[in-house]
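Atoms within a ligand are numbered from 1 in the order they appear, just like the ligands themselves. Each residue takes its place number in the sequence, starting with 1.
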Amino acid sequence: MTQKVNFGDELVSPEEKTRRVGQVFSSVARRYDMMNDLMSGGMHRLWKDRFVARVKPRIGENILDMAGGTGDIAFRMARRGAHVTVSDINADMLQVGEERARQRGLTGLTWKVENAEKLSFADASFDAYTIVFGIRNVTDIPAALHEAHRVLNRGGRFFCMEFSSSDWPGFSDLYDAWASKVIPRIGKVIARDEDSYRYLVESIRRFPKPAAFKAMVADAGFVRAAAEPMLGGLVTIHSGWKI
Ligand code: SAM
């Protein structure tokens with residue numbers, strides 16, 4: 001019998017989870033960027049700036065932005081002169097990203113539908129691999145980390161940003177109330193899709209704690225695996241190196 005996995009708080013087969021995650025992002029693709037601003041009070045922009053500052057993209061580097069969605073991280077890295085391949089399992093998200101890139105006059109990006117669990121890229125193809133708010137949606141996270149390690153060059157950098165539960169007293173209660181009550185309502189009113197936003201909140205709650213995820217990054221073969229909490233631990237930047 002196939003082992004069940006969580007889709008939010010529900011237990012489903014791995015194939016069903018991948019299918020339903022696909023539905024969620026196809027459903028939210030057109031409103032994804034506006035909803036990010038509403039749900040985070042614009043803070044996701046600061047987190048993303050901070051993340052890219054940690055990645056330190058260099059001119060001419062080859063970077064894979066996995067689960068790159070509508071391109072927020074890729075655009076920031078391309079502006080610093082890196083050649084970025086934006087990959088995502090969802091063609092609808094990438095299509096919105098390509099339109100945004102055209103509107104901004106950003107060229108030199110490569111867009112490719114890929115499942116993070118099984119990449120079509122050759123071994124040692126990239127200098128850095130980034131994945132932002134993406135890995136918690138992946139069904140087989142160890143497989144995705146293994147693939148990240150495989151496609152990186154020696155000396156390549158792995159960077160991941162993901163939500164984490166805050167341990168700050170008071171703040172975590174406030175955040176829980178915001179996440180479980182307010183976000184699905186914003187989703188219902190603005191995006192007319194309460195269920196997708198409920199899934200997003202549940203998937204954040206279920207994602208491993210930073211120390212556990214750091215151990216998974218190390219298990220995939222990365223050295224100097226680190227977890228750097230930001231803003232009271234709401235978001236954590238994970239990193240590791242391939243040697
Ligand atoms: N990185 C972008 C950002 O920060 O705005 C998009 C993040 S969005 C919350 C999560 C993305 O992960 C979606 O575009 C979704 O399609 C993608 N995703 C989910 N499962 C995936 C998988 N197995 N492989 C690649 N991308 C996946």
For Asn90, the ligand 1 atoms with a heavy-atom partner under 4.0 Å come out as 16 (O)

Out of curiosity, is His44 lining ligand 1, as in a heavy atom under 4.0 Å away? no

Residue, atom and distance of the protein heavy atom nearest atom 12 (O) of ligand 1 read Ala67 CB, 3.4 Å

- prompt: Would you say Lys48 and Met161 make side-chain contact, with heavy atoms under 4.5 Å?
  reply: yes

* Asked: Is there side-chain contact between Trp241 and Leu152, with heavy atoms separated by less than 4.5 Å?
  -> no

Q) If you measure only the distance, is there a donor-acceptor pair under 3.5 Å linking the side chains of Asn137 and Tyr199? A) yes

If you scan protein heavy atoms around atom 23 (N) of ligand 1, the nearest is Asn115 OD1, 2.9 Å

Nearest non-hydrogen protein atom to atom 27 (C) of ligand 1, with distance, is Ile89 CG2, 3.4 Å

heavy-atom search around atom 19 (C) of ligand 1 in the protein gives Asn137 CB, 3.6 Å

Value for NZ (Lys4) from CG (Leu11), rounded to nearest 0.5 Å, stands at 8.0 Å

Relative to Phe207, does Arg136 satisfy both conditions: NZ or CZ under 6.0 angstrom from the six-membered ring centre, and within 45 degrees of the ring's axis?
-> no

Glu114 heavy atoms within 4.0 Å reach ligand 1 at atoms 24 (N), 25 (C)

Query raised in the report: Distance-only, no hydrogens or angles: does the Lys209 side chain make a donor-acceptor pair with backbone N or O of Ser164 under 3.5 Å?
Result: no

Near Met66 (heavy-atom distance under 4.0 Å), the atoms of ligand 1 are 25 (C)

Exactly one of Val138, Ile89, Val12 clears side-chain contact (heavy atoms from CB on, under 4.5 Å) with Thr18, and that residue is Ile89

Lys112 charged N/C atom sitting above Phe121 aromatic ring, 6.0 Å / 45° | yes

Heavy-atom proximity to atom 11 (C) of ligand 1 ranks first, among Asp88, Val86, Val132, for Asp88

closest protein heavy atom to atom 24 (N) of ligand 1 is Ala116 N, 2.9 Å

task = Tell me, please: is Lys48 in heavy-atom contact with ligand 1, that is, under 4.0 Å?
result = yes

Numbered in order shown, the ligand 1 atoms found under 4.0 Å of a heavy atom of Met93 are 14 (O)

| request: Evaluate salt bridge (charged side-chain N to carboxylate O under 4.0 Å, His left out) for Arg206 paired with Asp9, printing each intermediate quantity in order. | output: CA-CA 8 Å; Arg206 291 202 163 270; Asp9 287 346; 3.1 Å; yes

Ranked by distance from atom 10 (C) of ligand 1, the top protein heavy atom is Phe133 O, 3.4 Å

Closest to atom 8 (S) of ligand 1 among protein heavy atoms sits Tyr32 OH, 3.3 Å

